[in-house]
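To start, the structure itself, in structure tokens.
Read the numbers this way: they start at 1 and go in the same order the structure lists the ligands and their atoms.
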Amino acid sequence: MNSIDEKLQPILAEVVRRNAGEPEFHQAVHEVLESLGRVVAKHPHYLDHALIERICEPERQIIFRIPWVDDKGQVQINRGFRVQFNSALGPYKGGMRFHPSVNVGIIKFLGFEQTFKNALTGMPIGGGKGGSDFDPKGRSDAEIMRFCQSLMTELHRHLGEQTDVPAGDIGVGGREIGYMFGQYKRLNNRFEAGVFTGKALAYGGSRARTEATGYGNTYFVQAMLETRGTSFDGKKVVVSGSGNVAIYTIEKVQSYGGKIIACSDSSGYVVDENEIDLELLKDIKNVRRERISEYARRRGQGAHFIAADKGSIWDVPCDVAMPSATQNELSGKDAATLIRNGVIAVGEGANMPSTPEAIKAFQDAGVMFAPGKAANAGGVATSALEMQQNASRDSWTFDQTEARLATIMRGIHDSCYQTAEEYGAPGNYVLGANVAGFVRVAEAMRMLGVI
Ligand code: GLU
């Protein structure tokens, strides 16, 4: 890892001490503090009033019991979380994640990242994140509904369109958001459309929200490729994951002429030398909710499945890598393989998918690297557009919404690029994103006093 400015080291030490056993949170804070050395050297006033210490401490953390009854009549207990990280720029905003790996440290890292990501969008949204260690895999529709209702029976009192606005993340899509919003509406006796985003169109959702994260990452990487006079056209691309982010990344990259040759889920990955058939993938993942090996089976010749314990998707040679599954899915070793195979650009669709060792390897090798908090901000940016439509009781067309998304992504790209230049680190999008996001949050916090 790069070193942290000595004035900032005590801040990291204190974060590590006070948040013991939360390595992902430490990792996310470490990365941001690494970038802030150049900021405090230029503007030492950011060291005043414990501003950076306050940015690293969530405003509020809620942990609660979620009891629910499964289809066999057995009582199940899960743990629910909502970390309301920072509201200097607007209501807390960020998704809910349902996955067995969820714990308070994971939600804290996600909430911390979200704060800077949301600031980068330029929209009036603070940062938050939530979720549960509930595993949706293999659960019936009725079980999912009862779980979501029980979760919301507690969480509703902490939410509000001006207070905290959740959305989806891993394990939480349109179905779960519908059940949670339905229970919120019932408990509050209020149709408060702006309290949730990622809603279906039928009850106040926004067009292009489902596509937004993947499309946004593609726009970002395309802008990054353009800075070196190239584009997606004719490039071999590997996208990890096969959820919402991955699927719409594949769709947009294909429309730009990129050739997607591999994607994955937690069971393993598929390589398709003839290019991934997106309609087949959508049918398997969105309609039938099957494992990725089904793709290779139904696709036949040219496609094969490799189980997760037999290899890594990053062994597949490509020009552009777009990790869109989960945190720390791309290690230093994977980065070395990708570099050896000639990768020229990486765009993070997931949150913190590359380990610090991987990021350093890419940067040292001169590979263009787009960090998640900038490159995957299209999802939450479109959530903010959904809030805007709800507030004005309006509904925009797909084209109108996508055009706004494209403009926002271009703005994020340019602000990261220019900030990196301004701070003497040209081409370093990690530094650009961290600094540009930090400055926006820090300026607002300074004006609001010590709160
Ligand atoms: N979970 C998404 C993210 O990581 C979306 C959050 C939102 O739309 O509020 O940014």
Side-chain angles (χ1 to χ4, degrees), residues 24 28 81-87 89-99 102 106-121 123-132 155 159-161 163-174 176-177 180-181 193-200 204-217 220 241 243-249 323-327 329 347-353 370-390 401 404-405 408-409 412 433 437:
E24 293 83 4
F81 303 90
R82 188 76 188 162
V83 173
Q84 299 180 329
F85 222 106
N86 195 300
S87 60
L89 296 176
Y92 307 109
K93 181 82 198 84
M96 297 288 286
R97 174 178 292 191
F98 294 170
H99 192 270
V102 164
I106 297 272
I107 299 300
K108 240 188 252 176
F109 117 65
L110 290 164
F112 183 76
E113 289 282 293
Q114 198 81 46
T115 300
F116 301 105
K117 181 197 304 194
N118 294 3
L120 280 172
T121 66
M123 311 294 287
I125 42 179
K129 202 86 187 190
S132 172
L155 192 60
L159 306 180
E161 63 184 357
T163 308
D164 186 352
V165 182
D169 196 85
I170 294 171
V172 178
E176 293 73 19
I177 288 168
M180 286 191 276
F181 179 76
V195 74
F196 248 98
T197 63
K199 301 182 298 292
S206 172
R207 291 185 177 82
R209 175 62 190 87
T210 316
E211 294 84 354
T213 313
Y215 280 19
N217 188 19
F220 194 103
N244 174 54
V245 180
I247 282 178
Y248 292 100
T249 301
S324 308
T326 193
Q327 69 271 359
E329 56 161 307
E348 294 189 324
N351 290 312
M352 211 169 76
K373 68 167 75 70
N376 76 30
V380 76
T382 309
S383 279
L385 300 179
E386 182 172 336
M387 291 163 75
Q388 202 174 323
Q389 291 169 76
N390 293 152
T401 319
R404 288 283 305 266
L405 167 65
I408 292 169
M409 292 314 297
I412 298 173

For N351, which of E24, K117, Q114 qualifies under side chain to side chain donor-acceptor pair (under 3.5 Å)? K117
Side chain [X], main chain [Y], donor-acceptor under 3.5 Å:
{"X": "K199", "Y": "A193", "value": "yes"}
{"X": "K373", "Y": "E113", "value": "no"}
{"X": "N217", "Y": "T249", "value": "no"}

Heavy-atom contacts with [X] under 4.0 Å: which atoms of ligand 1 show up? List them by number with element.
{"X": "G95", "value": "6 (C), 9 (O)"}
{"X": "G94", "value": "9 (O)"}
{"X": "Q114", "value": "3 (C), 4 (O), 6 (C), 10 (O)"}
{"X": "K117", "value": "3 (C), 4 (O), 10 (O)"}
{"X": "N351", "value": "4 (O)"}
{"X": "A167", "value": "7 (C), 8 (O), 9 (O)"}
{"X": "S383", "value": "7 (C), 8 (O), 9 (O)"}

Please determine whether any non-hydrogen atom of G198 lies less than 4.0 Å from an atom of ligand 1. no
Drop me the distance from F98's CZ to E176's CD, to the nearest 0.5 angstrom. 6.5 Å
Report the nearest protein non-hydrogen atom to atom 9 (O) of ligand 1: residue, atom name, distance rounded to 0.1 Å. K93 NZ, 2.7 Å
Which of these, E113, R209, M96, has its nearest heavy atom closest to atom 5 (C) of ligand 1? R209
Heavy-atom pair with the smallest gap, counting every atom of P91 and V165: CB-CG2, 4.5 Å
Could you tell me which non-hydrogen atom of L120 sits nearest to which non-hydrogen atom of I412, and how far apart they are? O-CG1, 3.4 Å
